[in-house]
Protein chains: 2
Amino acid sequence: MTLESTFATRLNYVETSAIRELFKLLAKPGIISFAGGFPDASMFDVDGIKAATDKALAETAGAVLQYGATEGYNPLRTGISGYMATKGVTVAPDGLIVTTGSQQALDLIGKTMINEGDNVIVEAPTFLATIQCFRLYGANVIGAPIDEGGVVVDKLEALIIQHKPKLVYLIPSFGNPSGALVPTDRRKRILELAVKYKVLIVEDDPYGELYFDESPAAAAPVSMLALSDSVPGSRNWLAFAGSFSKVMSPGLRVGWLIAPPALLAKATMCKQFSDAHTSNLSQAIAANYLADGDGSRMAANLAKVRKVYAARAKTMADCLKAEFGDAIRFTKPAGGMFFWANLTGARGQSTDVAALAKAAIANNVAFVPGAPFFAHDADMSALRLSFATADEAKIRDGVARLGEAFKSI
Amino acid sequence: MTLESTFATRLNYVETSAIRELFKLLAKPGIISFAGGFPDASMFDVDGIKAATDKALAETAGAVLQYGATEGYNPLRTGISGYMATKGVTVAPDGLIVTTGSQQALDLIGKTMINEGDNVIVEAPTFLATIQCFRLYGANVIGAPIDEGGVVVDKLEALIIQHKPKLVYLIPSFGNPSGALVPTDRRKRILELAVKYKVLIVEDDPYGELYFDESPAAAAPVSMLALSDSVPGSRNWLAFAGSFSKVMSPGLRVGWLIAPPALLAKATMCKQFSDAHTSNLSQAIAANYLADGDGSRMAANLAKVRKVYAARAKTMADCLKAEFGDAIRFTKPAGGMFFWANLTGARGQSTDVAALAKAAIANNVAFVPGAPFFAHDADMSALRLSFATADEAKIRDGVARLGEAFKSI
């Protein structure tokens, strides 16, 4: 008998990610990467975070270095409550808990909700780490088809009726990998489904603040959580995972979970036995940064990030069209960090996207094949391209290299 | 149907801790608390941690604010490798992963190892959050009896034969709540059991550095991990959870897991889907602090902490003897943060320790009843007293108040 033979059976439900293997190749010098899911580190407001850190250690060292409450550091819970209010959501500080990144919010939902063999519906495609996270709790993950407006509601309803899922997980705003923005009417219909079929909707919203349209009025997408006021009863069937990773810093690992009280209480208990609490220093930094200039510091930095990402997205769209013409199909995203594209026509049918990824790396440019983002029935003609980390000159070069790789295979 | 009725069945295995309820009463002003499991915040080396933080943000802001590797921040993995070497343990940086506190190391072991219905052996009594953590993975938790030298090895062996456990979890150095120090010969025998019965031993070591005996030679207990070199094959059946919570700061949430390669790889995968990685800022601070003065800064602070805690332990022992005489039985701990005591004789038989806890709080002093620390068959005459956070004057006052409460019931 080996130690390995005694491992839990849940490990059989997941495999080491193909993407993880691909990422090992990215260390190659000179490579232009559209593969990552990282924000651009050069956009981090280092001075602002430094000031928030200094303040945390100067004024509250005893508290931030000591053990803290599992629910979260109260000044941050209050800060997030205020931040969510600016996004149209009413939530009291004790109506949310702080999590170690929003990844932990998903893990806590899995631990709290999923029995072995439960069905769970996600978008097809969706965030790979969510599929794996839920599978580790024994979930049978079912993909619901999407179009350029995100999940197709009629099909989602049919799947809910057919599979009676424990929960439905969605990234409605500039989803990873689709980049799609679910329109308001669909959001409302999904909330109605939650009430009608008594099924929990999990809204994951890491990208909602990264909208590009700077026109007034409703530039920012309104979250399903904010819309839940207009669909009676839906708030009782809705959980929301928030994150500062794309708007402040991912390295601090600060996210949050908003959920109905009974679910929040059990998720808190699960968190107690998962990591006791999230780094208090990280939480105090986030709280101080949120409060800096009454929110204006973060708003100013976000405005800058949106402008830069919007320009990069436009450049990538232009270059892809110029380089690939009709051989590629995509919807230019209105926010977020990703293009989701499909090879089309005869070349699309015959081209193995994984082979293209290898040829691309040989030509010093990287992207991620789309297949791993599907729980099942992968679309083999799809690819994900991130425009967040390469500047416009590199995007031009990188797409040109990609075009060369495409022609070479 | 309510949302609550759809929660996972694993939640039925745990209950909200009685201790958690007790802790809500501790906010009472003027109370002297021996109830907590916290280190004394006034012992934190705030200046040293501040310097480590400044260095992290001045020199490595881009890296620490960005996403990081699930395995941990490499300078910290190297630092922990060096730190473990000073404790007689050979482990390469890639032989360990950084965890969000050692609580997460336990959670990852649970996720990697435990199937529903698996037997797991722990000390009776043991750390409450471990019992609950393992139960959430469906473990049947079995307590092995202890004496003043920790777990009784003959009885442990009999339980291993009887129950064929998936793993055995131990806190051999100044365990929580027992305060017991397992002697070297017992440690070796336990390692032999691991090899003989092919069972994983999990050594949790948050308190090993808090030894009181300042005499030269072997003042510090030698971990089972360090001893594993002398028991052939035992390293293949041994996992070790380390923590900076008691020697640097718990609020930063930095712990680590050392385990055989196959287990470490799977625990890393589970961590990826639990919280992606531990706060990079916390990790960089820990790395810088460890490296400060080539380890001398942390060593100096630890020497101070040991001296203060040793004096508090002596005062508590003296006061308990003076106040309770033969009515209480305990072994003065040689390190750590806790006294584990039993009421004895006729009063011990008839006194409900939970009632004593309530009378104590009414008299402005708090401790924790021992019962919740048992997975089953609780010792109802036991109590846990922490001497870590109250200074000597408060310990004298608090034990006097406890004596009054005892007489009053």
Side-chain angles (χ1 to χ4, degrees), chain A residues 1 3-4 6-11 14 16 38 41 44 46 49-50 53 57 61-62 64-68 100-101 103-104 107 111-115 129 132-133 136-137 166 198 200 236-237 245 249-253 260 262-263 266 269-270 272-282 285, chain B residues 1 3-4 6-11 14 16 38 41 44 46 49-50 53 57 61-62 64-68 100-101 103-104 107 111-115 129 132-133 136-137 166 198 200 236-237 245 249-253 260 262-263 266 269-270 272-282 285:
Chain A
M1 195 175 78
L3 177 60
E4 219 165 338
T6 73
F7 289 172
T9 52
R10 71 177 63 82
L11 300 181
V14 293
T16 303
F38 290 18
F44 297 154
V46 176
I49 292 171
K50 208 174 267 185
T53 309
L57 286 175
V64 303
L65 298 179
Q66 184 56 286
Y67 282 111
T100 305
Q103 182 69 44
Q104 192 189 42
D107 185 58
K111 213 169 191 173
T112 306
M113 296 296 300
I114 299 174
N115 286 322
Q132 307 284 48
C133 170
L136 275 173
Y137 291 104
K166 184 58 79 74
K198 296 187 184 298
L200 180 72
N236 298 329
W237 294 96
S245 289
S249 150
L252 295 175
R253 308 307 301 131
L263 175 53
K266 293 299 186 184
M269 185 192 72
C270 287
Q272 196 189 347
F273 308 127
S274 292
D275 68 358
H277 65 84
T278 295
S279 163
N280 283 334
L281 181 58
S282 286
I285 292 167
Chain B
M1 195 176 76
L3 178 61
E4 219 163 342
T6 72
F7 289 173
T9 53
R10 69 177 64 83
L11 300 181
V14 294
T16 303
F38 289 16
F44 296 154
V46 176
I49 292 171
K50 208 174 268 183
T53 309
L57 287 175
V64 304
L65 298 179
Q66 184 57 283
Y67 282 109
T100 305
Q103 181 69 44
Q104 191 189 41
D107 184 58
K111 212 169 194 174
T112 306
M113 297 295 301
I114 300 174
N115 286 322
Q132 308 284 51
C133 169
L136 275 173
Y137 291 103
K166 184 58 78 76
K198 297 185 183 298
L200 181 71
N236 299 328
W237 294 96
S245 289
S249 151
L252 296 175
R253 309 306 301 132
L263 175 52
K266 293 299 185 184
M269 185 193 72
C270 287
Q272 196 189 345
F273 308 127
S274 293
D275 68 357
H277 63 84
T278 295
S279 163
N280 283 334
L281 181 58
S282 285
I285 293 168

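Proteins get letters first, then strands, A, B, ... in listed order; numbering begins at 1 in each.
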For the interface with chain A, which of [options] has the highest count of heavy-atom pairs at distances below 4.5 Å?
| options | answer |
| --- | --- |
| I49(B), T112(B), N236(B) | T112(B) |
| M113(B), Q66(B), Q103(B) | Q66(B) |
| L252(B), V46(B), V64(B), L200(B) | L252(B) |
| A262(B), S274(B), S282(B) | S274(B) |
| A129(B), G62(B), A61(B), G68(B) | A129(B) |
| W237(B), F7(B), Y67(B) | Y67(B) |

Out of [options], which one racks up the most heavy-atom pairs below 4.5 Å with chain B?
| options | value |
| --- | --- |
| S249(A), P260(A), P250(A), A276(A) | P250(A) |
| L65(A), T6(A), D107(A) | L65(A) |
| Q104(A), K111(A), K166(A), E4(A) | K111(A) |

Let me see the working for L281(B) and L57(B) under side chain to side chain contact (heavy atoms under 4.5 Å, CB included), right down to the final yes or no.
CA-CA 8 Å; L281(B) 181 58; L57(B) 287 175; 4.2 Å; yes
For K198(A), which atoms come within 4.5 Å of any heavy atom of chain B: side chain, backbone, both, or neither?
both
Side chain / backbone / both / neither for L136(A) at chain B, heavy atoms under 4.5 Å:
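For L136(A), the side chain is the part near chain B, not the backbone.
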Answer yes or no: is there an ion pair linking D275(B) with R253(B), defined by an N-O contact shorter than 4.0 Å?
no
Taking every non-hydrogen atom, the tightest pair across I114(A) and Y137(A)
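Closest pair (atom of I114(A), atom of Y137(A), distance): CG2-O, 3.5 Å.
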Within-4.5 Å side-chain heavy-atom neighbours: S279(A) and T100(B):
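A side-chain contact under 4.5 Å is absent here.
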